[in-house]
Each structure stands twice: as structure tokens, then as C-alpha cells.
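Remember, it's 1-based here, ligands and their atoms both numbered in the order they're listed.
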Amino acid sequence: MTDPAEIAAANANPPVFDEAFRDKFAELIAWRRDVRRFKTDSVAPELIEQLLDLAQLAPSVGNSQPWRWISVDSAETRARIRANFLRCNEIAASAYQGERAALYAKLKLEGIDVAPRQFALFCDRTTAQGLGVGRQTMPEALDYSVVAMIETFWLAARTLGLGVGWVSILDPQAITTELDVPATWKFIAYLCVGWPVEHHVDPELVRHHWQDRTTAGRIVLSR
Ligand SMILES: Cc1cc2nc3c(=O)[nH]c(=O)nc-3n(C[C@H](O)[C@H](O)[C@H](O)COP(=O)(O)O)c2cc1C
């Protein structure tokens, strides 16, 4: 929304989020999943456009909107990214021993070979947008802004029934080179997007006995 009259009209009539909406919103949060198993069905470009528009409304330090999107479309580039994942995952796997190693080997940690849409997300660490507000002492606030945007995208995708899978088991330097982006763009995430094969209310890593949710992050200390 950019038209001043439209903005003024909207500001005069803010929406009311009622209990029914809150219940649905809680369900949305509970049912957002990291998805690694995708159908091969394509995703209408309009849906992606809709999500990209919504993602622009995410918070960012100084309103810097430092996220930079690369849609990874070619089979060759995807194959290189998957090879990057396989190399990194082999190294990651070697950090575990015994039963843990066997369990790790069974985990599915990406859907690069099937996901119909794939995006590499970067942070433009040199953007002038925002004029430096909020990032003088913590330049990494720019990176956090990209992550905040990703969560917005992730939830919005779920409202359309689309799944998002975040892949971080990648060599960021190799990704930057493979995708031919400026060296000043910091790699933040690789996202697989598509229609999920299955729906679960419990995270895959919980279901496969890798890591339960705990209460550590629920505790609030007081000072
Ligand atoms: C920063 C970040 C990096 C992640 N990297 C990976 C990854 O490389 N592979 C993977 O399968 N899941 C990855 N995930 C997904 C998490 O494993 C997942 O969010 C977590 O197990 C909880 O499951 P849920 O998202 O379905 O609730 C990542 C999530 C975040 C936030």
C-alpha cells in the first residue's frame, strides 16, 4: 500500500483480530513445518509473487530491507548446490559416533532434488537503505532482518498450503561463487519451496528421535 489516501483510510479503520483469528493464527504457528519432502507439482508464479509482496512487510533494522533473493532455477545450478550440500553433510555426519551417527545418516535434511522453487537468500551488508539506523553497534542486525523476513515468508507460505525447507548445511563461500553474487552479500539461507507430501504438527527431528522440544527457551530470567 503506497497511496496516501488509501493508507489514511486504512489507518482510520485498523483491523480487529478476534478470538477466532487468534485461534487460527496459533494453528498456523503450530502447523508451520520445515519441509524436506515435496511433490513435483509446480507452484503458480502468482503465489510466489504474493509471498514476496508480503515478505516486504517484514521488520528490518532501520527499514533497510537488506534481503536479496536469487531464484535458483537451472538444473545445473541446483545440481551444484546439491553437491555442495552432500559435501558439507558428509563432513557434518563425521562429527557423530555410534547410534547418533546411524540416526544422523537417516535424517532427511534437504529437498533440493525435488522442490519446484528454490531461493538463496543473501543480506546486502553494504546497503545504504536505512541510513545506518540501528546497526552502528550491531551490524549483524542486518542479517537478523533477513531472518525475520524469512519467518514472515515461511508463515505466509503455510497459509497457502506451501511448504518451506531451510537448508544451512552448505558452504557459504561456494554458494556465493556458484550464484555469482557480490562478495558483499552475506549468504543467509537456502530455501526449498513447494507443495508438501505430508502434513505434521510435530517437527521431523522430534518425530525421528533426534531432538525433542525442551523448555529451555521458555524460561524467562529476571534481573
Ligand atoms: C537457521 C536455520 C537453519 C536450518 N537448517 C536446516 C538444514 O540445513 N536442514 C534441515 O533439514 N533443516 C534445517 N532447519 C530446520 C530445522 O531443523 C527445524 O526448524 C527444526 O527442526 C524444527 O522443526 P519445524 O521447523 O518443523 O518446527 C533450519 C532451521 C533454521 C531456523
Side-chain angles (χ1 to χ4, degrees), residues 25-39 51 55 58-60 66-70 72 78 80-96 100-115 117-123 140-176 178-179 185-218:
F25 186 60
E27 268 188 315
L28 171 65
I29 291 172
W31 282 87
R32 179 211 50 78
R33 280 286 68 74
D34 187 86
V35 172
R36 298 109 194 211
R37 294 176 183 79
F38 297 94
K39 295 181 184 168
L51 294 176
S60 61
W67 41 80
R68 301 292 178 260
W69 293 79
I70 300 288
V72 180
R78 287 183 179 187
R80 277 203 293 277
I81 304 276
R82 181 120 204 291
N84 179 332
F85 164 80
L86 290 172
R87 279 195 308 276
C88 295
N89 200 39
E90 204 177 308
I91 296 165
S94 67
Y96 304 101
R100 266 287 148 185
L103 186 50
Y104 186 90
K106 281 196 228 150
L107 295 175
K108 180 155 177 61
L109 296 169
E110 50 76 49
I112 301 170
D113 45 352
V114 177
R117 292 303 304 266
Q118 303 187 19
F119 299 98
L121 262 299
F122 293 85
C123 176
E140 64 273 24
L142 284 168
D143 303 341
Y144 303 155
S145 303
V146 181
V147 175
M149 182 283 293
I150 291 172
E151 174 68 347
T152 304
F153 177 85
W154 209 334
L155 287 172
R158 187 65 187 81
T159 68
L160 298 174
L162 281 168
V164 175
W166 183 323
V167 188
S168 58
I169 307 165
L170 292 164
D171 172 356
Q173 193 50 55
I175 293 269
T176 304
E178 269 150 19
L179 299 180
W185 288 13
K186 184 179 171 192
F187 176 65
I188 302 292
Y190 192 83
L191 301 183
C192 294
V193 180
W195 304 107
V197 166
E198 50 198 22
H199 296 278
H200 293 279
V201 74
D202 52 336
E204 173 136 353
L205 295 189
V206 174
R207 207 161 48 253
H208 292 273
H209 311 292
W210 179 262
Q211 176 63 63
D212 284 341
R213 287 193 177 120
T214 75
T215 54
R218 182 64 185 82

Fill in the blank from the handout: ligand 1 to V167, heavy atom cutoff 4.0 Å, flagged ligand atoms 7 (C), 8 (O)
Exercise for the section: Give the residue and atom name of whichever protein heavy atom lies nearest to atom 17 (O) of ligand 1, and the separation in Å to one decimal. Expected result: R36 NH2, 3.3 Å
Fill in the blank from the handout: Of all protein heavy atoms, the one nearest atom 10 (C) of ligand 1 is L109 O, 3.4 Å
Problem - Any side-chain heavy-atom pair of R100 and W210 under 4.5 Å - result: yes
Problem - Numbered atoms and elements of ligand 1 in range of I169, under 4.0 angstrom, heavy atoms - result: 8 (O)
Practice task
Taking the side chain as every heavy atom from C-beta outward, state whether L170 and F187 have any pair of such atoms under 4.5 Å apart.
Solution key: yes
Fill in the blank from the handout: of all protein heavy atoms, closest to atom 22 (C) of ligand 1 is P203 CB, 3.9 Å
Practice task
Answer yes or no: is there a side-chain heavy-atom contact under 4.5 Å between P203 and R213?
Solution key: yes
Donor-acceptor pairs under 3.5 angstrom involving side-chain atoms of residues 103-113: please list them, not counting sequence neighbours.
residue: Y104; atom: OH; partner: N89; partner atom: OD1; Å: 2.5
residue: K108; atom: NZ; partner: E110; partner atom: O; Å: 2.9
residue: E110; atom: OE1; partner: R82; partner atom: NE; Å: 3.1
residue: E110; atom: OE1; partner: I112; partner atom: N; Å: 2.9
residue: E110; atom: OE2; partner: R82; partner atom: NE; Å: 3.3
residue: E110; atom: OE2; partner: R82; partner atom: NH2; Å: 3.2

Handout entry: Flag side-chain contact, heavy atom, 4.5 Å: C123 against S145
Key = no
Practice task
Consider every N or O of D34 and every N or O of ligand 1, then say whether any pair is closer than 3.5 Å.
Solution key: yes
Problem - Nearest-neighbour protein heavy atom for atom 27 (O) of ligand 1, which is reported as residue plus atom name and distance - result: R33 NH2, 2.7 Å
Problem - Part of Q211 within contact of ligand 1 (heavy atoms, under 4.0 Å) - result: neither
Practice task
For N84 and D171, indicate whether the former's side chain and the latter's backbone hold a donor-acceptor pair under 3.5 Å.
Solution key: yes
Exercise for the section: Determine, counting only non-hydrogen atoms of the protein, whether one lies under 4.0 angstrom from atom 20 (C) of ligand 1. Expected result: no
Handout entry: Distance from atom 6 (C) of ligand 1 to nearest protein heavy atom, with residue and atom
Key = W166 O, 2.8 Å
Exercise for the section: Return the residue, atom name and 0.1 Å-rounded distance of the protein heavy atom closest to atom 5 (N) of ligand 1. Expected result: S168 OG, 2.8 Å
Practice task
Take R158 and H199, measure what side-chain contact (heavy atoms from CB on, under 4.5 Å) needs, and give me the verdict at the end.
Solution key: CA-CA 11 Å; R158 187 65 187 81; H199 296 278; 3.6 Å; yes
Exercise for the section: Classify the contact between L205 and ligand 1 as side chain, backbone, both or neither, using a heavy-atom distance cut-off of under 4.0 Å. Expected result: side chain
Fill in the blank from the handout: Residue set satisfying side chain to side chain donor-acceptor pair (under 3.5 Å) with D143, at least two apart, ordered chain then number -> R125, K186
Practice task
Return a yes/no value for R32: is any of its N or O atoms, backbone included, closer than 3.5 angstrom to an N or O of ligand 1?
Solution key: yes
Exercise for the section: Decide yes or no for V147 and E151: does some side-chain heavy atom of the first lie under 4.5 Å from some side-chain heavy atom of the second? Expected result: no
Handout entry: E110, any N or O under 3.5 Å of ligand 1 N or O
Key = no
